[in-house]
Amino acid sequence: MKYQRLRGVKDVVPEITPVWEHIIIKSSGIFKLYDYRLIITPTIEEIGLFVRGIGEGSDIVMKEMYDFKDKKGRHIVLRPEGTAGVVRAYIENNMGPKSNLYYLGQMFRYERPQAGRYREFFQIGVEAFGDATPYKDAEVIRMAADIIAAIGVTGSVLHINCLAAEDGYYEKLKTFLETKRAGLCGDCLNKLERAPIRVLDCKNETCKKAVMDAPLITQNLKPEAAEHYSKVKEMLVASYTAYVETPTMVRGLDYYTGTVFEFTTDKLGPQQNTILAGGRYDNLVEELGGKKTPATGFALGMERMAEVLTAEGRIIDAAGPDVFVVADKAYLHEGFDLLNKLRAQGVKAAMSYEGNSFKSQFREAESKKSRFVVIIGENEIKTGSYALKNMATGAQQAMDLECIVKEVKNE
RNA sequence: GUAGGUGUAGUUCAGUUGGUUAGAACGCCAGGAUGUGGCCCUGGAGGUCGCGGGUUCGACUCCCGUCACUUACCCCA
């Protein structure tokens with residue numbers, strides 16, 4: 001019986017994992033720099049957390065949750081995103097009141113798989129609790145930009161918006177859109193009730209024309225939010241963070257209350273061009289049973305980030321061994337002995353134990369991209385030394401273990 | 001959930017109007033005077049043609065179903 005992976009999931013094979021390691025290492029470095037600490041929360045949570053946290057009406061909750069009943073009949077979901085679980089942990093562990101956290105791990109959404117979209121995917125994110133100032137918004141955005149830069153993605157664009165609309169804005173927008181009904185496409189008529197701001201973002205030319213004079217959210221913010229938001233923009237400029245204000249940008253999760261942002265790329269398809277996204281959510285902690293605590297955060301999508309790197313031609317390879325030990329069939333014992341001595345001295349070493357022909361062993365060394373080969377055969381045993389060959393130059397000479405270690409580490 | 005496309009070797013794909021032992025390239029393995037890799041040459045292994053059913057003397061090829069993959073919509077990372 002041959003099994004195959006489930007729908008919408010993938011194996012991240014060793015050809016790809018170096019890219020993932022690169023992204024994890026680079027982003028972790030930035031988190032440390034900003035004094036954020038790692039938190040690991042469970043993959044499973046009770047369903048209520050997300051229904052309450054993300055919003056009952058959101059697509060994620062309505063149709064994309066990977067849920068099941070456990071043996072005691074508890075209704076459980078594989079987390080569809082990271083924030084709700086971290087907020088739950090923040091409250092439950094009495095952390096705080098100011099906590100700067102980052103996390104990483106798999107998320108699950110039961111959707112139709114598509115380019116850049118999987119049922120199980122990997123996110124790296126941060127959540128910063130207890131700071132309501134615009135500086136914090138700017139810090140988090142600046143940190144995101146630093147991560148993207150550290151990873152080596154170029155040409156991404158930062159979009160920002162603020163979702164703290166003053167009371168009545170949505171009504172005002174809907175009323176305006178009603179007057180333009182005739183010029184809107186079917187999709188937009190659908191969105192009109194559910195997510196009116198999205199109508200402003202339609203690619204359809206006639207829709208674009210119809211909504212040209214629509215009231216923008218950025219022109220209709222709560223007064224204190226407007227002040228906060230303009231300070232955020234000021235601090236972005238002050239920290240040399242280029243941004244584009246995009247008043248049509250909304251987020252898929254209902255909990256955002258203020259500044260929101262997205263980094264997009266043109267290297268992937270238009271529908272999966274968001275590589276990192278986040279924003280401020282000042283009500284969620286209270287909503288989930290904690291004290292009222294301001295918070296802001298973001299998450300980046302590992303798969304998309306990795307695909308962007310690949311699309312940009314960045315080649316991130318795992319390094320091969322420093323030394324590959326080639327031993328004659330009669331001297332496998334000596335070869336194994338040398339292998340262990342090399343490793344004990346911190347030299348990355350590999351060997352084939354089958355005692356195949358030298359040609360075959362050399363081919364293996366080549367395919368592993370080994371920098372050096374050490375040969376143990378008749379001659380070496382007789383003279384009591386080893387032959388070290390540099391695979392790049394082809395140069396080869398006899399030497400003892402000490403010299404080998406020195407030579408290999410010197411390069 | 002809706003709509004399209006595709007399932008043939010490890011991978012990317014050929015396969016003529018249905019007809020005998022299903023091919024190529026790359027990859028893999030082995031060999032090519034001298035214990036020595038990459039390039040080149042020779043040879044070899046590897047496929048129940050996604051699965052099930054139907055039509056037919058005969059199906060990789062036609063029909064139905066199913067599963068999977070893929071693209072777009074919706075939405076999102």
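In what follows, chains carry the letters A, B, and so on, assigned in the order in which the sequence lines appear, proteins first and then strands, with residues in each chain numbered from 1. Basis for what follows: all heavy atoms, side chains included, without hydrogens, waters or symmetry-related copies. Computed from a prediction, not measured in an experiment: that's the story for all the values here.
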Touch class at under 4.0 angstrom, heavy-atom based, for Gln361(A) against every strand present: nothing

Sugar-phosphate, base or nothing in reach of Ser360(A), heavy atoms under 4.0 Å: sugar-phosphate

Sugar-phosphate only, base, or nothing, as touched by Phe122(A) at under 4.0 Å among non-hydrogen atoms: nothing

Sugar-phosphate only, base, or nothing, as touched by Ser357(A) at under 4.0 Å among non-hydrogen atoms: sugar-phosphate

Sugar-phosphate only, base, or nothing, as touched by Gln396(A) at under 4.0 Å among non-hydrogen atoms: base

Pair listing, salt bridge (charged side-chain N to carboxylate O under 4.0 Å, His left out) test, anchored in residues 117-130 of chain A, at least two apart: Glu111(A)-Arg117(A)

Under-4.0 Å side-chain N/O to phosphate OP1/OP2 contact, Arg117(A) with C75(B): no

Pair listing, side chain to side chain donor-acceptor pair (under 3.5 Å) test, anchored in residues 356-365 of chain A, at least two apart: none

Under 3.5 Å donor-acceptor pair, Lys359(A) side-chain atoms to G32(B) base atoms: yes

Distance-only side-chain donor-acceptor flag, Tyr102(A) / Lys32(A), under 3.5 Å: yes

Touch class at under 4.0 angstrom, heavy-atom based, for Gly394(A) against every strand present: base

Residue pair Arg142(A) / Thr241(A), side-chain donor-acceptor N/O under 3.5 Å: yes

Secondary-structure stems for RNA chain B, with pairs counted as Watson-Crick or G-U when both distances are under 3.5 Å and runs at least 3 long: B:1-7 with B:67-73, B:10-13 with B:23-26, B:28-32 with B:40-44, B:50-54 with B:62-66

Sugar-phosphate only, base, or nothing, as touched by Gly8(A) at under 4.0 Å among non-hydrogen atoms: sugar-phosphate

base_contact_polar (G35(B) base, Glu380(A) side chain, donor-acceptor, <3.5 Å): yes

Sugar-phosphate only, base, or nothing, as touched by Asp328(A) at under 4.0 Å among non-hydrogen atoms: nothing

Please set out all donor-acceptor pairs under 3.5 angstrom arising from side-chain atoms of residues 11-21 of chain A, sequence neighbours excluded.
| from | atom 1 | to | atom 2 | distance (Å) |
| --- | --- | --- | --- | --- |
| Asp11(A) | OD2 | Arg5(A) | NE | 3.3 |

Residue-phosphate contact under 4.0 Å: Arg251(A) side-chain N/O, A77(B) OP1/OP2: yes

Sugar-phosphate only, base, or nothing, as touched by Glu120(A) at under 4.0 Å among non-hydrogen atoms: nothing

Listed nucleotide nearest any side-chain atom of Glu366(A), set U36(B), G38(B), A77(B): G38(B)

Selection residues 242-252 of chain A - residue pairs positive for side chain to side chain donor-acceptor pair (under 3.5 Å), sequence neighbours left out: His159(A)-Thr246(A), Tyr229(A)-Glu245(A), Lys233(A)-Glu245(A), Arg251(A)-Glu262(A)

side-chain N/O Gln114(A) vs A72(B) OP1/OP2, d < 4.0 Å: yes

Where at least one partner belongs to residues 34-68 of chain A, residue pairs that pass ring-ring contact (aromatic ring centres under 6.0 Å, His included), sequence neighbours excluded: Tyr66(A)-Tyr110(A)

